[in-house]
Enquirer: 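My questions will all concern the structure given below.
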Amino acid sequence: MKFTTLITLCILLHFSKHTLSTNTTTTLEQNFKEAPKFYNSPTCTTITNHTCSIEAVHVAMTLDVSYIRGSMAAILSILQHSSCPENIIFHFITSSSKPSTVLNRIITNSFPYLKYQIYPFNDAPVAGLISTSIRSALDCPLNYARTYLADIIPVCISKVVYLDSDLILVDDIAKLAATPLRSNTVLAAPEYCNANFSIYFTPSFWSNPSLSLTFANREACYFNTGVMVIDLQRWRSGEYTTMIREWMELQKRMRIYELGSLPPFLLVFAGRITPVDHRWNQHGLGGDNFRGLCRDLHPGPVSLLHWSGKGKPWARLDGNRACPLDALWAPYDLLKTHFAIEV
């Protein structure tokens, strides 16, 4: 009887330590496995001058502790499905108010051969322009770094693929990066003209003629800013960062939208982008923003799965409440488990 009690106590102690360790690594430093190295196929061009190479595929992502697990899975999926993985250069943006030493170490340890740069984003000025939205996660200043990419990334880089951290690719990112932008557009993204566009703005916006006329003569359609191909040279010359900031400043004076960093992009770009096939953003897999209910894939082929919305696959898997499609994310999870057998 005493032996059984002792075993029970040991098991409980083990799980309590596991829980404590999990919480600690979530907030401080999570331990990730080293990813395999991926090599170029024989047909790939050998790139030189890595940072500014025009032959490279430049990928921009934000990095923070809260979403680092998703970022690691996204990076692995990009490399694994690329025909020229050695020609991909990552541009990671971190908050300047938080040290990036831990994040840099995580990336280096898991991807020792990765070509990347880390850029601090001064989020203090933008923090004063953020209005509260329906989800607190959307109010993080780093979410607005995509507005400042043209200022953050070196001017020698003319084109970049921006990706959120809650997605995986199952196709070659070079195909997405090669999207030809129309001559009068600055960015390309999958757009959805069957979505109810009006819900992204308040009644005050639509009832004000000087504001609602913003979309006059524009076939304004919803697009998700988590997957974009951006011409940085056109962005810089058109001063689009300033345009977006002006809408954010107006939002502080009178509430014209509800949903984080998306509406300012829609105000500037909706109806003025190059459309991309929907296969490149099977979005909404995180469920709706209130309940996080499971969702199915949209009809058609899939090149990129995006867990936009409230529910993130790693959180649902850890909580034993995974949605069916979360099983597609799990193979890219590099987090070390506490139950791994050490040899």
Side-chain angles (χ1 to χ4, degrees), residues 26 30 32-38 56-94 100 103-104 106-119 137 140 142-143 145-146 149 153 160-177 189-190 224-230 276 279-286 297 302-309 311-318 322-323 325-336:
T26 298
Q30 302 174 52
F32 294 90
K33 296 175 285 188
E34 182 176 331
K37 183 179 180 181
F38 299 94
V57 173
H58 293 275
V59 179
M61 300 176 67
T62 59
L63 285 184
D64 64 16
V65 172
S66 300
Y67 281 83
I68 185 62
R69 190 170 169 188
S71 301
M72 300 292 281
I75 295 166
L76 177 59
S77 73
I78 292 167
L79 297 174
Q80 183 170 320
H81 295 283
S82 172
S83 57
C84 302
E86 295 176 276
N87 291 4
I88 301 174
I89 301 173
F90 288 85
H91 303 269
F92 297 125
I93 296 93
T94 62
S100 62
L103 296 170
N104 189 30
I106 291 173
I107 296 295
T108 301
N109 289 345
S110 289
F111 301 100
Y113 306 103
L114 197 70
K115 297 181 176 71
Y116 74 93
Q117 296 284 335
I118 290 183
Y119 310 87
C140 172
L142 196 58
N143 284 341
R146 71 196 81 189
L149 287 179
I153 294 177
V160 70
V161 179
Y162 175 82
L163 298 174
D164 273 351
S165 298
D166 52 356
L167 54 77
I168 59 170
L169 275 77
V170 291
D171 203 345
D172 194 338
I173 194 171
K175 299 176 184 176
L176 176 60
N224 185 286
T225 53
V227 179
M228 297 184 290
V229 181
I230 304 174
V276 176
R279 70 188 303 154
W280 286 106
N281 197 352
Q282 285 272 355
H283 67 286
L285 304 185
L297 290 174
V302 180
S303 292
L304 184 152
L305 296 98
H306 188 182
W307 278 262
S308 57
K312 302 307 174 188
W314 55 90
R316 295 194 296 218
L317 287 164
D318 288 352
C323 290
L325 291 175
D326 294 344
L328 299 177
W329 181 90
Y332 301 96
D333 186 11
L334 287 173
L335 186 71
K336 286 183 179 179

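All heavy atoms count here, side chains included; hydrogens, waters and symmetry mates do not. All residue numbers in this chain count up from 1 along the given sequence.
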Enquirer: Can you check side chain to side chain contact (heavy atoms under 4.5 Å, CB included) on N109 and E34, steps first, answer last?
Expert: CA-CA 6 Å; N109 289 345; E34 182 176 331; over 6 Å; no
Enquirer: Go through F92 and L114 one step at a time and tell me if the side chain to side chain contact (heavy atoms under 4.5 Å, CB included) criterion holds.
Expert: CA-CA 12 Å; F92 297 125; L114 197 70; 4.1 Å; yes
Enquirer: Run the numbers on Y162 and L149 for side chain to side chain contact (heavy atoms under 4.5 Å, CB included), then give the verdict.
Expert: CA-CA 9 Å; Y162 175 82; L149 287 179; 3.7 Å; yes
Enquirer: Where do T62 and S165 come nearest, in terms of heavy atoms and distance?
Expert: O-OG, 3.4 Å
Enquirer: If you round to the nearest 0.5 Å, how far is NZ of K336 from NZ of K33?
Expert: 9.5 Å
Enquirer: Taking the inter-plane angle between the rings of W314 and Y67 on a 0 to 90° scale, is it parallel (under 30°), tilted (30 to 60°) or perpendicular (over 60°)?
Expert: perpendicular
Enquirer: So do V170 and H81 actually touch side chain to side chain, heavy atoms under 4.5 Å?
Expert: yes
Enquirer: How long is the straight-line distance from OG of S303 back to CD1 of I173, given to the nearest 0.5 Å?
Expert: 11.0 Å
Enquirer: Which distance, rounded to the nearest 0.5 Å, do you find between the CE of M61 and the OG1 of T94?
Expert: 13.5 Å
Enquirer: Quick one: closest heavy-atom pair of I88 and S82, and the distance?
Expert: CD1-OG, 3.6 Å
Enquirer: Please report the closest heavy-atom contact between I153 and V160, naming both atoms and the distance.
Expert: CD1-CG2, 4.2 Å
Enquirer: For I75, which of Y332, F90, Y116 qualifies under side-chain contact (heavy atoms from CB on, under 4.5 Å)?
Expert: F90
Enquirer: Considering the options D171, L163, I78, which one meets the side-chain contact (heavy atoms from CB on, under 4.5 Å) requirement together with L304?
Expert: L163
Enquirer: Please check this pair: side chain of N281 against backbone of P190, looking for a donor-acceptor N/O pair closer than 3.5 Å.
Expert: no
Enquirer: Heavy atoms only: give me the nearest F111-L76 pair and the separation to one decimal.
Expert: CZ-N, 3.9 Å
Enquirer: Looking at every heavy atom in both V227 and A189, which two are closest together, and how far apart are they?
Expert: O-CB, 3.5 Å
Enquirer: Ignoring hydrogens and angles, tell me if any N or O in the side chain of K312 forms a donor-acceptor pair with the backbone of W307 under 3.5 Å.
Expert: yes
Enquirer: To the nearest 0.5 Å, how far apart are CD1 in I107 and CD1 in I68?
Expert: 4.5 Å
Enquirer: Any chance you could lay out the side chain to side chain contact (heavy atoms under 4.5 Å, CB included) test for L167 and W329, step after step, and finish with the verdict?
Expert: CA-CA 8 Å; L167 54 77; W329 181 90; over 6 Å; no
Enquirer: Could you report the tightest heavy-atom contact between H306 and D166, atom names first, then the distance?
Expert: NE2-OD1, 2.9 Å
Enquirer: Check whether any side-chain N or O of S77 sits under 3.5 Å from a backbone N or O of A74 as a donor-acceptor pair, and report yes or no.
Expert: yes
Enquirer: Is the backbone N or O of E86 less than 3.5 Å from a side-chain atom of K115, with the two atoms forming a donor-acceptor pair by type?
Expert: yes
Enquirer: Calculate, to the nearest 0.5 Å, the distance between atoms OG and CG belonging to S71 and D164 respectively.
Expert: 9.5 Å
Enquirer: Are L63 and I93 side-chain neighbours, meaning at least one heavy-atom pair lies under 4.5 Å?
Expert: no
Enquirer: So, taking the atom named CG in L297 and the one named CG in L285, what distance separates them when rounded to the nearest 0.5 Å?
Expert: 6.0 Å
Enquirer: With a 4.0 Å cut-off on N to O distance, would you call R69 and D318 a salt bridge?
Expert: yes
Enquirer: Under a 3.5 Å distance rule, please check whether N224 uses its side chain to pair with a backbone N or O of G226 as donor and acceptor.
Expert: yes
